[in-house]
Amino acid sequence: MLTLTNVTKVFKKNEKNFIAVEDLSFTINKGEIFGLIGTNGAGKTTTMRMIATTLKPTYGTINVCGYDSVKDDANVRKCIGVLYGGDTGLYDRLTARENIEYFGRLNGLNDDAINKQMDYLSNVFGLQDYLDRKCGGFSRGMKQKTSFARAIIHNPQVMLFDEPTSGLDILASEEVLNFIKQCKKMGKTILLSSHNMQEVEELCDRALIIDHGKTLCTGTLDQILKQTNSNSIKESFIKLIKKDY
Ligand SMILES: Nc1ncnc2c1ncn2[C@@H]1O[C@H](COP(=O)(O)OP(=O)(O)OP(=O)(O)O)[C@@H](O)[C@H]1O
Ligand SMILES: [Mg+2]
């Protein structure tokens, strides 16, 4: 469903080449949650942006639902929903409903489909009370839930969640985690980046640990624990980064 093959991204920084992602390969199947774990600047968001077709890989290929991310970028975008943590990019002067609806239209949904998805998603995220209020006055959590609904209004097969619970309180995080689990049950293909190792342990089937753009370890969570002789993914992560295992 989602396959990266030897993907490398080189940026120009002060006239010099900087390798943000190096020779990255992985496949995520239907109904699978795959974790991308790394320190700040490891290359997680760059990877998500390449899959989302916002950036082109310098080398390597990305295949999403049978489409190539460079040659068939428009079809790729139809198959994916992307949620970046941090800045949500909602239009403050529009209501939550208008923001979500706007994305639905961009994705070619008709009124019926939008209304159906709006009902379903506002139920899942408890948006009903503020669906018709302007986003400008929303709390961090309200904005994040609205962004979630907006990212997946077109019911995409592949979902990219870049630190989806960053800045959310415990209850809001829990709702988001439950929703991601529900997406898995629905057979979605999910790439998740997170700095919260408890979250990774709770959600991910497999994971990849990345540092300075390079893959340090990948496999099922059990395989990662065994390979690093660890009792938790947090311990594995620290040992891998410090090369101490
Ligand atoms: N457009 C760009 N031009 C130049 N360098 C960039 C660009 N985008 C990202 N980088 C660099 O690529 C590296 C990887 O950044 P990226 O945002 O992918 O990291 P990340 O793993 O998402 O980190 P974080 O956990 O902080 O979100 C960083 O060194 C960053 O400065
Ligand atoms: Mg990032």
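Just so you know, ligand 1 is whichever comes first in the structure, and atom 1 is the first atom listed for that ligand. We number each residue from 1, following the sequence as shown. These numbers were taken from a predicted model, which means no experiment stands behind them.
- Proximity of Thr39 to ligand 1 is established by a heavy-atom distance of less than 4.0 Å.
- Here the shortest heavy-atom distance to atom 10 (N) of ligand 1, taken over Phe18, Tyr84, Phe11, belongs to Phe11.
- Of the heavy atoms in Lys13, only side-chain atoms (C-beta onward) come closer than 4.0 Å to ligand 1.
- Looking only at side-chain heavy atoms (C-beta outward), Met159 and Phe161 come within less than 4.5 Å of each other.
- Here Val21 has no heavy atoms under 4.0 Å from ligand 1, in either its backbone or its side chain.
- When Met50, Lys44, Glu163 are checked for heavy-atom proximity to atom 21 (O) of ligand 1, Lys44 turns out nearest.
- Remark: ligand 1 atoms within the under-4.0 Å shell around heavy atoms of Gly43 are 14 (C), 18 (O), 19 (O), 20 (P), 21 (O).
- Against a heavy-atom cut-off of under 4.0 Å, Thr46 is close to the following atoms of ligand 1: 9 (C), 14 (C), 15 (O), 16 (P), 18 (O).
- Ion pairing between a basic and an acidic side chain is recognised when a charged N comes within 4.0 Å of a carboxylate O; Asp112 and Lys116 show no such pairing.
- Distances shorter than 4.0 angstrom occur between a heavy atom of His195 and an atom of ligand 1.
- Near Ala42, meaning under 4.0 Å from any of its heavy atoms, are these atoms of ligand 1: 19 (O), 20 (P), 21 (O).
- The Mg ion (ligand 2) has no N, O or S atom of Asn40 closer than 2.8 Å.
- Applying the ring pair (Phe, Tyr, Trp, His ring centres under 6.0 Å) rule to pairs touching residues 185-239 yields nothing, sequence neighbours excluded.
- By the 6.0 Å contact criterion, CZ on Phe11 is enclosed, its count of non-hydrogen atoms from other residues, nucleotides or ligands being greater than 12.
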